[in-house]
Amino acid sequence: MGTIETQPRSVSQTEQWEKCGYQFYLKRVERVTPRPAAWSHQGTAFHSAAEAVERSGRTMTEEEAVQLFSDQYSVLVNKSMREEPNLGRWMTAMKKPAGDDINDRYRMGQEQVRRYVQWSQANQPSFVTVKNSKGEEKVGLELYFKVELGGVVVRGYIDQLPLEPDKSTRVRDLKTGSTKSRFQLETYKVAAEKQWDLKVYKGDWYQGKKHGLTRPLDLSEVTEEQVAARYVAMDQGVKAGRFEANPGFDCGFCDVSHACSFSRAR
Ligand code: SF4
């Protein structure tokens with residue numbers, strides 16, 4: 001099974017194993033090449049643009065941010081097209097032809113970036129500053145963390161750590177699609193408190209689709225033990241070789257369904 005037994009865990013690994021252990025196995029143990037999806041390139045390019053806007057102190061204009069998105073999206077799509085030239089194998093929602101999906105997400109992503117810049121300029125979020133392991137000051141944008149939870153090493157990146165009026169910190173995740181993970185925000189809260197000694201009581205999502213924030217999620221009661229328990233269960237399951245298939249609705253969004261004999265994808 002190689003290094004999968006010992007490598008650090010993440011939110012996505014854990015949620016994937018919980019939803020369908022066989023998908024985890026195909027992707028991370030068998031290393032099946034996933035089918036490309038324009039939605040993932042849209043998300044990556046949107047994150048890059050939003051980060052650049054904030055790192056510029058909001059001096060980056062809408063046009064510059066949109067250009068950054070467009071350039072990165074094009075690079076990512078072109079790379080995927082070289083790797084999988086058969087657009088019929090790309091993943092799309094509602095059986096939309098992949099060519100249309102690629103074009104639609106290009107325009108949708110540009111609009112989402114434009115509206116993010118407007119939102120950010122109107123709301124002027126400010127972000128916490130922390131010190132990394134080398135003592136260097138880092139602003140709370142795409143911050144890398146690595147913490148031990150219940151004896152399991154967990155790592156990831158926190159999209160944004162905005163400051164609250166009471167000097168506590170919020171954890172924020174940026175989304176271009178509809179899926180939201182409470183477990184992700186819970187992990188960020190625990191990691192931010194553990195690694196940088198911050199106080200985190202709330203979390204939220206910036207939703208590119210709706211051009212604004214969700215209502216804040218109360219994270220004040222979330223404990224390290226609660227969050228750790230899910231990582232420990234997943235870690236033990238992987239080490240024990242438990243990769244149960246869970247065929248169902250999610251097969252339609254599974255990028256390794258082509259290699260799965262249990263698939264219910266249509
Ligand atoms: S196709 Fe369905 S059952 Fe198979 S790995 Fe994907 S989600 Fe799991």
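Here, residue 1 is the first one in the sequence, and each next residue gets the next number. Note that this is a predicted model, so its numbers are computed, not measured.
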Which heavy atom of [X] sits nearest to which heavy atom of [Y], and what is that distance?
| X | Y | result |
| --- | --- | --- |
| Phe127 | Glu54 | CE1-OE1, 3.5 Å |
| Arg182 | Leu217 | NH1-CD1, 3.4 Å |
| Ser120 | Pro125 | O-CD, 3.6 Å |
| Val200 | Ala192 | CG2-CB, 4.0 Å |
| Pro8 | Gln13 | O-NE2, 3.0 Å |
| Tyr231 | Val152 | O-CG2, 4.1 Å |

Sequence neighbours left out, what passes salt bridge (Lys or Arg N to Asp or Glu O under 4.0 Å) with Arg35? Give chain and number order.
-> none

Between CZ of Arg55 and CG of Leu141, what distance do you get to the nearest 0.5 Å?
-> 5.0 Å

Measure the spacing between OG1 of Thr14 and CE of Met234 and express it to the nearest 0.5 Å.
->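 One finds 4.0 Å between OG1 of Thr14 and CE of Met234.
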
Are [X] and [Y] linked by a side-chain donor-acceptor pair shorter than 3.5 Å?
| X | Y | value |
| --- | --- | --- |
| Thr176 | Lys209 | no |
| Gln118 | Glu62 | yes |
| Gln207 | Thr214 | no |

Would you say [X] has more than 12 foreign heavy atoms packed within less than 6.0 Å of its [atom1]?
| X | atom1 | answer |
| --- | --- | --- |
| Lys96 | NZ | yes |
| Tyr157 | OH | no |
| Glu244 | CD | no |
| Glu221 | CD | no |
| Arg31 | CZ | no |

Quick one: does any side-chain atom of [X] pair with a main-chain N or O of [Y] as donor and acceptor, under 3.5 Å?
| X | Y | answer |
| --- | --- | --- |
| Ser263 | Cys260 | no |
| His47 | Gln42 | no |
| Ser48 | Thr44 | yes |
| Glu64 | Thr61 | yes |

Hphob cluster co-occupancy, Trp17 + Val11, side-chain heavy atoms under 4.5 angstrom = no

Which residues share a side-chain hydrogen bond (donor to acceptor under 3.5 Å, both in side chains) with Gln121, sequence neighbours left out =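 By the side-chain hydrogen bond (donor to acceptor under 3.5 Å, both in side chains) rule, Gln121 matches no residue at all.
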
Between [X] and [Y], does any side-chain N to carboxylate O distance fall below 4.0 Å?
| X | Y | result |
| --- | --- | --- |
| Arg114 | Glu111 | yes |
| Lys27 | Asp255 | yes |
| Lys79 | Glu83 | yes |

Can you label the angle between the Phe262 ring and the Tyr22 ring as parallel, tilted or perpendicular, going by 30° and 60°?
-> perpendicular

Got a sec, which pairs hit salt bridge (charged side-chain N to carboxylate O under 4.0 Å, His left out) with one end in residues 132-161, sequence neighbours left out?
->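 For residues 132-161, and leaving out neighbouring residues, there are no salt bridge (charged side-chain N to carboxylate O under 4.0 Å, His left out) pairs at all.
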
Apply side-chain contact (heavy atoms from CB on, under 4.5 Å) to Ser126 and list each qualifying residue two or more places apart in sequence or on a separate chain.
-> Leu163

Besides Tyr116, the hydrophobic cluster formed by Ile, Leu, Val, Met, Phe, Trp and Tyr side chains linked at under 4.5 Å, directly or via other members, contains Phe46, Val53, Met60, Val66, Leu68, Phe69, Tyr73, Val77, Met81, Leu87, Trp90, Ile102, Tyr106, Val113, Val117, Trp119, Leu174, Tyr206, Leu213

Pairs satisfying side chain to side chain donor-acceptor pair (under 3.5 Å), at least one member in residues 195-204, at least two apart = Arg170-Asp204, Arg172-Asp204

For Glu18, which of Arg9, Arg230, Arg242 qualifies under salt bridge (charged side-chain N to carboxylate O under 4.0 Å, His left out)?
->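 For Glu18, the salt bridge (charged side-chain N to carboxylate O under 4.0 Å, His left out) test succeeds with only one of Arg9, Arg230, Arg242, which is Arg230.
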
